[in-house]
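Some notes on the structure that comes next.
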Amino acid sequence: MRHIRNAVAADVPLILSFIKGIAAYEKLSHEVETTKEKLHDTLFGEHKFAEVILAYEAKSPVGFALFFHNYSTFRAKPGVYLEDLFVNIEHRGKGYGKALLQRIIEIAKERNCGRVEWSVLDWNTPAIDFYKSMGATAMDEWTVFRMKL
């Protein structure tokens, strides 16, 4: 039986394992600097910067999504930025990714957000195909910039 729930502080080790899983899949394990302590502080501490939902098959965790709010000046509305969506390889194709994304969309609607956005690596065609099948539109005219601090 599939179900989705909000993460709680006791889930930090599980969240970290999913972050390491997505980093390995994206060939970016060398970029992971987070720790359980940093996750606890930023997700469940005094200033909560992001939220996590977890997907389960019966009692076994199989995936997660981490998201936070952004803002659209053009729409004068908050939005949701989906930072990570990951389902363990052995559970892909079973609807868990779709269920996680649908829950994020529901949350955005409940909070009167104007849109949900995310980035995907250009080589990750399974993810791109999945997002397009859900009705998402690629924003190819935009270039993402980053400045590490």
Side-chain angles (χ1 to χ4, degrees), residues 1-71 78-109 111 113 115-149:
M1 176 170 178
R2 176 185 327 135
H3 69 280
I4 307 290
R5 71 167 177 83
N6 294 334
V8 296
D11 294 317
V12 166
L14 174 61
I15 295 166
L16 181 57
S17 72
F18 282 131
I19 291 169
K20 289 180 178 181
I22 195 170
Y25 176 77
E26 293 179 341
K27 302 170 185 70
L28 294 170
S29 294
H30 62 283
E31 296 276 337
V32 177
E33 298 177 7
T34 192
T35 64
K36 287 185 273 188
E37 293 76 21
K38 287 180 182 178
L39 283 174
H40 186 276
D41 288 348
T42 56
L43 297 177
F44 303 103
E46 184 179 347
H47 299 288
K48 297 170 180 71
F49 294 99
E51 300 174 60
V52 175
I53 56 174
L54 301 166
Y56 279 80
E57 182 174 280
K59 294 183 179 182
S60 298
V62 299
F64 89 122
L66 186 146
F67 64 98
F68 53 88
H69 285 281
N70 56 16
Y71 188 80
V80 167
Y81 187 84
L82 175 59
E83 178 68 21
D84 289 327
L85 174 67
F86 179 75
V87 174
N88 288 330
I89 291 171
E90 62 272 16
H91 291 93
R92 292 187 188 156
K94 297 180 180 179
Y96 292 103
K98 183 176 182 177
L100 285 164
L101 186 55
Q102 285 175 328
R103 181 63 190 129
I104 295 292
I105 292 166
E106 288 171 11
I107 290 168
K109 287 178 179 178
R111 296 177 185 181
C113 293
R115 59 187 176 207
V116 176
E117 297 178 308
W118 60 91
S119 297
V120 61
L121 291 167
D122 60 3
W123 59 259
N124 193 348
T125 53
I128 292 168
D129 292 344
F130 164 69
Y131 295 135
K132 285 181 178 178
S133 77
M134 294 283 297
T137 304
M139 304 293 290
D140 295 332
E141 66 276 12
W142 291 86
T143 300
V144 175
F145 282 83
R146 175 176 294 160
M147 189 177 296
K148 287 191 176 186
L149 306 175

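Listed for the R2 side chain is no donor-acceptor partner under 3.5 Å among the backbone atoms of A55. Side-chain N or O atoms of K48 include one that pairs as donor or acceptor with a backbone N or O of G45 at under 3.5 Å. Checking side-chain atoms of D11 against main-chain N and O of V8 turns up a donor-acceptor pair under 3.5 Å.
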Please walk me through it: do H47 and F49 pass side-chain contact (heavy atoms from CB on, under 4.5 Å)? CA-CA 6 Å; H47 299 288; F49 294 99; 3.7 Å; yes
Residue pair L28, H30: steps toward the side-chain contact (heavy atoms from CB on, under 4.5 Å) verdict: CA-CA 5 Å; L28 294 170; H30 62 283; 4.1 Å; yes
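The shortest side-chain heavy-atom distance between I19 and L39 falls under the 4.5 Å cut-off. A heavy-atom distance below 4.5 Å is found between the side chains of L101 and L82. Contact of the H69 side chain with the C113 side chain is registered, since non-hydrogen atoms from C-beta on lie closer than 4.5 Å.
Note: F68 CZ to L43 CG = 11.5 Å, rounded to the nearest 0.5 Å. Going from atom CG of L54 over to atom NE2 of H3 covers 9.0 Å, rounded to the nearest 0.5 Å. Expressed to the nearest 0.5 Å, how far CD1 of I4 lies from CZ of R103 amounts to 9.0 Å. Separation of atoms OH (Y81) and CZ (F67) is listed at 14.0 Å; rounding is to 0.5 Å. From I15, atom CD1 reaches atom CZ of F44 across 4.5 Å, with rounding to the nearest 0.5 Å. Residue D84 holds its CG atom at 7.0 Å from CD of E26, rounded to the nearest 0.5 Å.
Residues E57 and V62 come closest through the heavy atom pair CB-CG1, 3.9 Å. Scanning both residues, L16 and T35, for their nearest heavy atoms gives CD2-C, 4.4 Å. In terms of heavy-atom proximity, Y25 sits nearest to P126 at OH-CG, 4.2 Å. Considering every non-hydrogen atom in both G97 and V87, the closest pair reads N-CG2, 3.6 Å. Heavy-atom minimum distance, L85 versus I22: O-CD1, 3.7 Å. Closest approach of N124 and V120 over heavy atoms only: CB-CG2, 4.1 Å.
A perpendicular orientation is assigned to the rings of F64 and F86, their planes being inclined by more than 60° (bins at 30° and 60°).
Between Y96 and N88, the side chains place no donor N or O within less than 3.5 Å of an acceptor N or O (distance only, hydrogens not considered).
For the pair R111 and E51, the salt-bridge criterion is met [side-chain N within less than 4.0 Å of a carboxylate O]. In summary, K109 and E106 do not engage in a salt bridge, as defined by a charged side-chain N under 4.0 Å from a carboxylate O.
Within a 6.0 Å radius of NZ in K98, no more than 12 heavy atoms belonging to other residues, nucleotides or ligands are found. Around the CH2 atom of W142, the shell of radius 6.0 Å holds no more than 12 heavy atoms that belong to other residues, nucleotides or ligands. Within 6.0 Å of the CD atom in E33, the count of heavy atoms belonging to other residues, nucleotides or ligands does not exceed 12.
If you run salt bridge (charged side-chain N to carboxylate O under 4.0 Å, His left out) between E31 and each of R146, K148, K20, only K148 comes through.
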